[in-house]
Amino acid sequence: AANTTAWGNVAVGYQSLDANTTGDQNTAVGYNSMTSNTNGEFNVAVGRSALSSNTTADANTAVGYYSLLSNTTGTFNVAVGYNSLYSNTTGAGNTAIGRSALGANTTGINNVAVGYTALDANTSGYSNVAVGYESLSGSTTGIGSTALGHQTLKANTTGDYNTAVG
């Protein structure tokens, strides 16, 4: 490990936290977890390659195989489930729970996705809430929509400020 002055870190698994130099109070458990982190702090990564591209971002939680894999500087994200927030790079304040929830998100902020592939195509949309299997799964850049239920607003791609329950 490259640790120089960092303190309070826990690393378990091959290459976990191996580039960390000054980042404090991180927990990385799993093969390749948080491997690129240099000075990000207060992060938790559990699972193979969870938060593996994280460099300087703080206060992220990634639980699951490839969760928050591409995150570099996005902060205050929560990803639970296989491939959740997989493509996120700089997006912040997102919560993704479920397989591939918010999987394509790169720069979107303040989104909530709960359920299998909920908000999966979102790249830069923000302030969306999707709860349910494939809810808002086609939305790419939509803003401020709420979808509650199985496949609600699934076909919506760029529409803003929609609400669907069903």
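For reference, positions follow the sequence shown, starting with 1.
- Using a distance-only test at 3.5 Å, with no hydrogens or angles considered, a donor-acceptor pair links the side chain of Thr123 to the main chain of Thr140.
- A distance of 6.5 Å separates CZ of Phe42 from CG of Asp24, quoted to the nearest 0.5 Å.
- Looking at heavy atoms from C-beta onward, Asn110 lies out of side-chain contact with Asn94 at the 4.5 angstrom threshold.
- A distance-only check finds a donor-acceptor pair linking the side chain of Asp58 to the backbone of Glu41 [under 3.5 Å].
- Side chains of Asn71 and Thr89 form no contact here, defined as non-hydrogen atoms less than 4.5 Å apart.
- The heavy-atom pair separating Asn105 from Gly125 by the smallest distance is OD1-O, 4.4 Å.
- Aromatic ring orientation, Tyr14 versus Tyr31: parallel (interplanar angle below 30°, classes split at 30° and 60°).
- The backbone N or O of Leu102 lies less than 3.5 Å from no partner atom in the side chain of Asn122, so there is not a single donor-acceptor pair.
- From Leu69, atom CG reaches atom CG of Leu85 across 11.0 Å, with rounding to the nearest 0.5 Å.
- The backbone N or O of Ser33 sits nowhere less than 3.5 Å from a side-chain atom of Ser16 that would complete a donor-acceptor pair.
- Screening Leu153, Asp160, Leu119 against Asn128 for a side chain to side chain contact (heavy atoms under 4.5 Å, CB included) leaves a single residue, Leu119.
- What you find for Thr107 and Ser124 is that their closest heavy atoms are OG1-CB, 3.3 Å.
- Residue Gly159 comes nearest to Ser145 through the heavy atom pair O-OG, 3.8 Å, listed as atom of the first residue, atom of the second, then distance.
- Taking the side chain to side chain donor-acceptor pair (under 3.5 Å) definition, one finds that Arg48 meets it with nothing, sequence neighbours left out.
- Between Thr75 and Asn77, the closest side-chain pair of non-hydrogen atoms is not below 4.5 Å.
- Leu148 and Val114 end up in the same hydrophobic cluster when Ile, Leu, Val, Met, Phe, Trp and Tyr side chains are linked at under 4.5 Å.
- The cluster map of Ile, Leu, Val, Met, Phe, Trp and Tyr, joined by side-chain heavy atoms under 4.5 Å apart, puts Trp7 and Val12 in different clusters.
- Judged by distance alone, the side chain of Thr21 and the main-chain N or O of Ala2 form no donor-acceptor pair under 3.5 Å.
- Between the CG atom in Asn54 and the CG atom in Asn20 there is a gap of 10.0 Å [rounded to 0.5 Å].
- Ser100 contributes no side-chain N or O that, together with a main-chain N or O of Thr117, makes up a donor-acceptor pair within less than 3.5 Å.
- Looking at Asn156, its side chain never comes within 3.5 Å of a backbone N or O of Leu136 through a donor-acceptor pair.
- Cluster membership for Tyr65 and Tyr86, using ILVMFWY side-chain heavy atoms within less than 4.5 angstrom, is shared.
- Nearest heavy atoms, Gly64 versus Ser67: O-OG, 2.9 Å.
- Of the possible polar contacts, none joining the Ser84 side chain to the Gly98 backbone as a donor-acceptor pair under 3.5 Å is found.
- Between Met34 atom CE and Ser53 atom OG the span is 11.0 Å, to the nearest 0.5 Å.
- Under the 3.5 Å distance criterion, the side-chain polar atoms of Asn26 are matched with a main-chain donor or acceptor of Asn43.
- Between Asn60 and Leu68 there is a side-chain heavy-atom pair separated by less than 4.5 Å.
- Atom-to-atom distance recorded for Ser139:OG and Lys154:NZ is 14.0 Å, nearest 0.5 angstrom.
- Of all heavy-atom pairs between Gly74 and Ala57, the closest is O-CB, 2.9 Å.
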Yes or no on side chain to side chain contact (heavy atoms under 4.5 Å, CB included) for Leu51 and Asn37, after CA distance, side-chain angles and deciding distance? CA-CA 8 Å; Leu51 271 170; Asn37 193 76; over 6 Å; no
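- Checking side-chain atoms of Thr35 against main-chain N and O of Leu17 turns up no donor-acceptor pair under 3.5 Å.
- Tyr161 and Ile109 fall within a single hydrophobic cluster, where Ile, Leu, Val, Met, Phe, Trp and Tyr side chains are chained together by heavy-atom contacts under 4.5 Å.
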